[in-house]
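As structure tokens, the structure follows; a few thoughts come after it.
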Amino acid sequence: MSLTDFLEIEDVRKRFKEEFPKPRFNLRQEILASPPSDGSSRLVGTAYDYLLRFYTKSLNPQAQDRGWVAASAFNYYQKNQQYDLLEQAKILFEEAEQNYKQFLRDGQFTDELLISSLFLAKLDAVYRIRYVYEDLQATNEIDVQDLRNLVQLLNPEIFKSSGKIFLNPSWGAASMIVGGADGDLIIDDLLVDFKTVKNLSLELRDFRQLMGYYTLSVIAQDFEQDVIELKRLGIYFSRFGLLYQIKLTDVVNPETFPKFVEWFISRAEQYSGIPLM
């Protein structure tokens with residue numbers, strides 16, 4: 001169970017469509033880093049999420065990081081008595097930590113760092129969708145080159161700020177009522193979702209995801225400290241090097257939104273069986 005799963009329920013999709021008008025999408029640009037036909041697009045997408053957060057941290061030492069979700073895979077291996085994979089994962093995880101620390105020192109996207117990001121993506125899949133890779137060390141060189149093409153598009157002006165930054169943010173008890181939810185990045189009052197996709201478009205499911213994150217952030221303000229009051233939502237299209245932004249004043253109706261939040265909490269509690277507090 002997760003926010004993504006919750007948002008795919010038919011009545012939930014309908015309610016979101018009624019509440020939030022999907023904005024016009026007017027970005028136009030040719031793709032700059034096309035996905036290779038024989039690459040692992042899902043794995044590369046998750047690996048690049050890690051690399052983007054690494055990059056953001058290197059630009060902003062003040063960025064707050066709640067840790068790598070990939071580490072949660074250890075519990076799965078332990079529970080399922082997959083001890084060989086557990087030991088392999090621990091060794092590679094320590095290497096990934098060392099490569100990350102080196103990156104923070106010199107800012108170089110080495111092959112070792114790119115390979116470590118693909119390993120972390122494999123652990124991510126274990127935790128999120130229970131997909132177990134039998135060989136955590138195996139690496140497709142095509143995926144490494146795909147990542148290298150992507151990092152060459154990074155623009156520090158998009159990811160640098162003197163304000164508050166949260167890497168892989170979550171919203172505590174609010175996230176738990178949908179079975180778990182974590183975003184990619186918050187910069188100042190902007191929540192950014194990373195999309196390593198070949199089409200430059202605002203898909204309805206991605207817009208719902210953003211509005212789901214925003215709703216959780218509003219709910220969390222009553223229970224958590226240091227919750228950022230979001231004013232903008234964005235998608236960073238990795239293969240285009242573009243950041244698309246939505247002003248919340250353009251999509252949130254202040255008259256109807258409080259009732260929507262009440263409905264969201266009730267429906268999420270029903271979905272997960274977990275009360276808000």
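Quick caveat, the model's predicted, so the values are computed rather than measured. Starting from 1, each residue takes its place in the sequence as its number.
- Residues satisfying the ring pair (Phe, Tyr, Trp, His ring centres under 6.0 Å) criterion with Phe109, sequence neighbours excluded, are Phe103.
- Residues forming a salt bridge (charged side-chain N to carboxylate O under 4.0 Å, His left out) with Lys122 (at least two apart in sequence, or on another chain): none.
- With hydrogens and angles ignored, the 3.5 Å screen pairs no side-chain donor or acceptor of Gln245 with any backbone N or O of Leu233.
- Annotation: ring pair (Phe, Tyr, Trp, His ring centres under 6.0 Å) contacts of Tyr213 (sequence neighbours excluded): Trp171.
- Residues forming a salt bridge (charged side-chain N to carboxylate O under 4.0 Å, His left out) with Arg205 (at least two apart in sequence, or on another chain): none.
- Legend: residues meeting salt bridge (charged side-chain N to carboxylate O under 4.0 Å, His left out) with Arg15, ordered by chain and number and at least two apart, are Glu19.
- Pairs of residues two or more places apart, or lying in two chains, that qualify as salt bridge (Lys or Arg N to Asp or Glu O under 4.0 Å) and include a residue from residues 27-56 are Arg53-Asp184.
- For Ser272, there are no side chain to side chain donor-acceptor pair (under 3.5 Å) partners at least two apart in sequence or on another chain.
- Residues meeting the side chain to side chain donor-acceptor pair (under 3.5 Å) test with Gln102, sequence neighbours left out: Arg105, Asp106.
- At a threshold of 4.0 Å, the pair Asp11-Arg267 counts as salt-bridged, since one of the basic side-chain nitrogens sits closer than that to a carboxylate oxygen.
- Residues passing the side chain to side chain donor-acceptor pair (under 3.5 Å) test with Ser116, sequence neighbours excluded: Asn99.
- Listed by chain and number, the residues in a side chain to side chain donor-acceptor pair (under 3.5 Å) with Asn149 are Gln145 (sequence neighbours excluded).
- Within the structure, ring-ring contact (aromatic ring centres under 6.0 Å, His included) pairs that include any residue of residues 80-101 comprise Phe54-Tyr100, Trp68-Phe93, Trp68-Tyr100, Phe74-Phe93 (at least two apart or interchain).
- Under the salt bridge (charged side-chain N to carboxylate O under 4.0 Å, His left out) criterion, Arg148 pairs with Asp111, not counting sequence neighbours.
- Among Ile235, Leu190, Asn155, the single residue meeting the side-chain contact (heavy atoms from CB on, under 4.5 Å) criterion with Leu243 is Leu190.
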